[in-house]
Chemist: 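Okay, handing you the structure first.
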Amino acid sequence: MLTVLLFLLAAVLGVLMVGVIGADVFEVSASTDSDQVFSDPLADTALLFISIAAGLPAVLLAVRRFGRHRSGALSSVTGRFRWRWAGRCAALAFPLYAVQLTLYLAWVPDESGSPSEGSATAPAWPAVVGALVLVLALVPFQAAAEEYVFRGWLTQFVGRFARSPWPGTVASAVMFACAHGWGSLSGFALLLSSSLWWGMLVVRTGGLEAVVALHIANNMLVLGLATALGELDETDSAATAPWQALVLETTFTPLYYVAITWLARRLRLAGTTVPGQ
């Protein structure tokens, strides 16, 4: 475990150091906020996502070099990432989360109360499109990296010491919620609840594809909207989510779980399990 953690830490810190050094060399303005590296929110988001994404090859390499099983075992019980199955999961995840996000935006009032300064100015669409392309291109790698680390490697590592997959599922859920920091009680409950459902989905489908698809859909829609609206610099995150978001999450995530497990059984997906087995 220590070796894998060192690989992950080295990858993340390595990318961050390269970013900081690069900013100094090319004289990119630094942020005065201790939680940010760059003053430009797009550059800061890109650096954060690249550093997280670096955890994906790091954990795969570490498991392949020092683990007891092939690195492909992190993806699924078949030893590989099942792309066709992932596509079917994504076809359900994107519209389902789009409905959830729409309901959230309709339910939660805009706390700004008034248009931001300069809102009357026409947006620079080439810049907006470029920012969208950059963010959406990085999201799949960032989301996949988090799933491979928490619901892939960590779940399996803890599972080696138990005769059941559930201790690892719970441990990875708690660690995932903690990794996002403490913002509010409702935000922590949202992350923990979602992580538990996602962990159960991995067990029931025998792989990470369904949760990777949902994680990508979640981040793409939220960050895509924030980028289009020029709100990437907002500090709100899942860790600070209000109670309305918790209510919607605890409604839609179980719906996704039920739909995916039903589809997996119908397709006789390899590794699918049912309660009691």
Side-chain angles (χ1 to χ4, degrees), residues 1-5 7-8 55-56 58-86 88-90 92-93 143-180 188-218 249-250 252-277:
M1 179 177 185
L2 181 60
T3 302
V4 176
L5 288 175
F7 264 68
L8 289 172
L56 180 57
V59 72
L60 291 174
L61 179 61
V63 170
R64 180 178 180 179
R65 178 66 178 83
F66 303 102
R68 296 183 178 183
H69 306 287
R70 293 181 303 163
S71 57
L74 294 181
S75 299
S76 75
V77 293
T78 64
R80 60 182 177 83
F81 191 84
R82 298 166 293 188
W83 290 100
R84 181 175 297 181
W85 169 239
R88 286 172 170 163
C89 294
L92 177 62
E146 292 188 18
E147 293 307 319
Y148 270 83
V149 170
F150 289 99
R151 270 163 286 278
W153 166 69
L154 184 58
T155 299
Q156 292 187 20
F157 176 81
V158 176
R160 284 165 45 188
F161 303 96
R163 302 181 64 179
S164 166
W166 304 119
T169 299
V170 174
S172 66
V174 173
M175 293 298 294
F176 181 80
C178 291
H180 284 75
F188 185 83
L190 182 150
L191 287 165
L192 182 60
S193 173
S194 298
S195 299
L196 288 171
W197 281 108
W198 293 9
M200 290 190 293
L201 199 54
V202 171
V203 174
R204 296 306 185 206
T205 61
L208 295 176
E209 298 88 353
V211 293
V212 168
L214 184 58
H215 202 152
I216 290 174
N218 183 318
E249 188 73 16
T250 53
F252 279 84
T253 303
L255 284 177
Y256 181 75
Y257 172 87
V258 171
I260 289 296
T261 51
W262 173 83
L263 182 61
R265 287 195 296 268
R266 183 173 181 179
L267 295 174
R268 299 182 182 276
L269 187 70
T272 302
T273 60
V274 296
Q277 290 188 331

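Remember, predicted model here, so these are calculated numbers, not experimental data.
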Chemist: Measuring only between side-chain heavy atoms, which start at C-beta, is Trp85 closer than 4.5 Å to Leu263?
Modeler: yes
Chemist: Between Gly152 and Leu74, what is the shortest heavy-atom contact and its length?
Modeler: C-CD2, 3.8 Å
Chemist: How long is the straight-line distance from CZ of Phe252 back to CH2 of Trp197, given to the nearest 0.5 Å?
Modeler: 14.5 Å
Chemist: Should Trp166 and Met200 count as side-chain neighbours, where that means a heavy-atom distance under 4.5 Å?
Modeler: yes
Chemist: Do Thr155 and Val202 make a side-chain contact, defined as non-hydrogen atoms from C-beta onward lying under 4.5 Å apart?
Modeler: no
Chemist: Could you grab the distance from atom CZ of Arg204 to atom OG1 of Thr261, nearest 0.5 Å is fine?
Modeler: 8.5 Å
Chemist: Closest approach of Ser76 and Arg80, non-hydrogen atoms and distance?
Modeler: OG-O, 2.6 Å
Chemist: Backbone N or O of Ala210 within a donor-acceptor pair of the Tyr256 side chain at under 3.5 Å?
Modeler: yes
Chemist: Heavy atoms only: give me the nearest Ala213-Ala86 pair and the separation to one decimal.
Modeler: CB-O, 4.0 Å
Chemist: In terms of relative ring orientation, are Trp153 and Phe157 parallel, tilted or perpendicular, with 30° and 60° separating the classes?
Modeler: tilted
Chemist: Nearest heavy-atom pair of Leu154 and Ser172: which atoms, and what distance?
Modeler: CD2-CA, 3.7 Å
Chemist: Quick check for you: to the nearest 0.5 Å, what is the distance between Glu147 atom CD and Leu56 atom CG?
Modeler: 11.0 Å
Chemist: If you apply the rule side chain to side chain contact (heavy atoms under 4.5 Å, CB included), what do you find for Cys89 with Ile260, and how did you get there?
Modeler: CA-CA 7 Å; Cys89 294; Ile260 289 296; 3.8 Å; yes
Chemist: Where is the tightest heavy-atom contact between Leu92 and Ala259, given as atom of each residue plus distance?
Modeler: CD2-CB, 3.5 Å
Chemist: How many angstroms lie between atom OG of Ser194 and atom CG of Asn218, to the nearest 0.5 angstrom?
Modeler: 8.0 Å
Chemist: Is there a side-chain contact between Leu255 and Val258, using heavy atoms and a 4.5 Å cut-off?
Modeler: no
Chemist: Could you walk me through whether Leu214 and Val211 satisfy the side chain to side chain contact (heavy atoms under 4.5 Å, CB included) test, starting with their C-alpha distance in whole Å, then the side-chain angles of each, then the deciding distance to 0.1 Å, before giving a yes or no?
Modeler: CA-CA 5 Å; Leu214 184 58; Val211 293; 5.6 Å; no
Chemist: Drop me the distance from Arg88's CZ to Leu269's CG, to the nearest 0.5 angstrom.
Modeler: 9.0 Å
Chemist: Where does the angle between the aromatic ring planes of His215 and Trp198 fall among parallel (under 30°), tilted (30 to 60°) and perpendicular (over 60°)?
Modeler: tilted
Chemist: Could you tell me the separation between the CD atom of Glu146 and the CD1 atom of Ile216, rounded to the nearest 0.5 Å?
Modeler: 11.0 Å
Chemist: Could you report the tightest heavy-atom contact between Phe81 and Tyr148, atom names first, then the distance?
Modeler: CD1-OH, 3.4 Å
Chemist: Is there a side-chain contact between Met175 and Ser195 (heavy atoms, below 4.5 Å)?
Modeler: no
